[in-house]
Amino acid sequence: MHLLTGDTGMRQETLTAYGATVLRLSLGTMYLSHSVVLKLLTYGLGGTAGYFVSIGLPAWLAYVTFAAEAVGGALLVLGIHTRIVALSLTPALVGAIIWAHGGNGWVFTAPGGGWEYPLFLVAASIAQALLGDGAFALRPSRAPAAVHAQ
């Protein structure tokens, strides 16, 4: 790579596709770990359901959230319909900000966890939906219709 011109010998489209892939793999891994490692292995699904009840949410929503994060994370890692999966996971994160973490402050290490981490995942999920699948996706999303500036 030439330091002054930034010429890598690769086209910007290729670099963008690789960047979207890194984001997709990272985001998918985070959703998987948040569901499997945190909700299942650390707290257990019963404990997670108990937490949901303690903040005024129905217990069944914990199981739905676990499944959505686990399946969605796996789909992102594999690159299956990335755009719709990334967007589909954002309502749970917005709910986490509103019902679970919003009153705890900004920093996620605050007692009860702050809201910057779920907000970051919302932003990353939206960015992923805008960027698309990236390279090496098993079942790429359909690109949105072109938008023409007028």
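We're numbering straight along the sequence, starting at 1. Values reported hereafter were calculated over all heavy atoms of this structure, with side chains retained and with hydrogens, waters and symmetry mates removed.
With rounding to the nearest 0.5 angstrom, the CG atom of Leu119 is 5.0 Å from the CD1 atom of Ile97. Atom CG of Leu45 and atom OG1 of Thr65 lie 11.0 Å apart (nearest 0.5 Å). Atom-to-atom distance recorded for Arg139:CZ and Leu78:CG is 11.0 Å, nearest 0.5 angstrom.
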For Leu75 and His81, run side-chain contact (heavy atoms from CB on, under 4.5 Å): C-alpha distance rounded to whole Å, both residues' side-chain angles, the deciding distance at 0.1 Å, then the answer. CA-CA 7 Å; Leu75 292 173; His81 300 297; over 6 Å; no

Check the pair Ile84, Ser141 against side-chain contact (heavy atoms from CB on, under 4.5 Å), reporting the backbone distance first and the verdict last. CA-CA 8 Å; Ile84 192 70; Ser141 306; 5.7 Å; no

Dump the intermediate steps for side-chain contact (heavy atoms from CB on, under 4.5 Å) on His34 and Tyr117, then the final yes or no. CA-CA 11 Å; His34 199 254; Tyr117 179 67; 4.3 Å; yes

Determine whether Leu89 and Leu76 satisfy the following criterion, side-chain contact (heavy atoms from CB on, under 4.5 Å), listing intermediate values before the conclusion. CA-CA 11 Å; Leu89 291 169; Leu76 287 173; 4.1 Å; yes

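In the hydrophobic cluster analysis, where Ile, Leu, Val, Met, Phe, Trp and Tyr join through side-chain heavy atoms closer than 4.5 angstrom, Val71 is grouped apart from Val37. The hydrophobic clustering, which links ILVMFWY residues whose side-chain heavy atoms are closer than 4.5 Å, places Tyr63 and Leu41 together. Cluster annotation: Leu57 is not connected to Tyr43 through the hydrophobic network of ILVMFWY side chains, with a link wherever side-chain heavy atoms come within less than 4.5 Å. Transitive grouping of hydrophobic side chains (ILVMFWY, heavy atoms separated by less than 4.5 Å) keeps Leu23 and Leu87 in distinct clusters. In the hydrophobic cluster analysis, where Ile, Leu, Val, Met, Phe, Trp and Tyr join through side-chain heavy atoms closer than 4.5 angstrom, Leu40 is grouped apart from Leu38.
Thr16 has its side chain out of reach of Glu13: every pair of non-hydrogen atoms, C-beta onward, lies at least 4.5 Å apart. The shortest distance between side-chain heavy atoms of Val94 and Val122 falls below 4.5 Å.
No side-chain donor-acceptor contact under 3.5 Å links Thr82 to the backbone of Gly132. Judged by distance alone, the side chain of Arg83 and the main-chain N or O of Gln128 form no donor-acceptor pair under 3.5 Å. With hydrogens and angles disregarded, no donor-acceptor distance shorter than 3.5 Å links the side chain of Thr48 to the backbone of Ala62. Looking at Ser33, its side chain does come within 3.5 Å of a backbone N or O of Met30 through a donor-acceptor pair. Remark: side-chain polar atoms of Trp115 are paired, donor with acceptor, to backbone N or O of Gly105 under 3.5 angstrom.
In this structure, Tyr31 and Leu93 approach most closely via the heavy-atom pair OH-CD1, 2.9 Å. Of all heavy-atom pairs between Ala70 and Val36, the closest is CB-CG2, 4.5 Å. Of all non-hydrogen atoms in Gly114 and Pro118, the two that sit nearest each other are O-CD, 3.9 Å. Heavy-atom minimum distance, Ala49 versus Ala59: CB-O, 3.8 Å. The two residues Gly113 and His101 come nearest to each other via the heavy atoms O-ND1, 2.9 Å. Closest heavy-atom contact between Gly79 and Ala137: O-CB, 3.4 Å.
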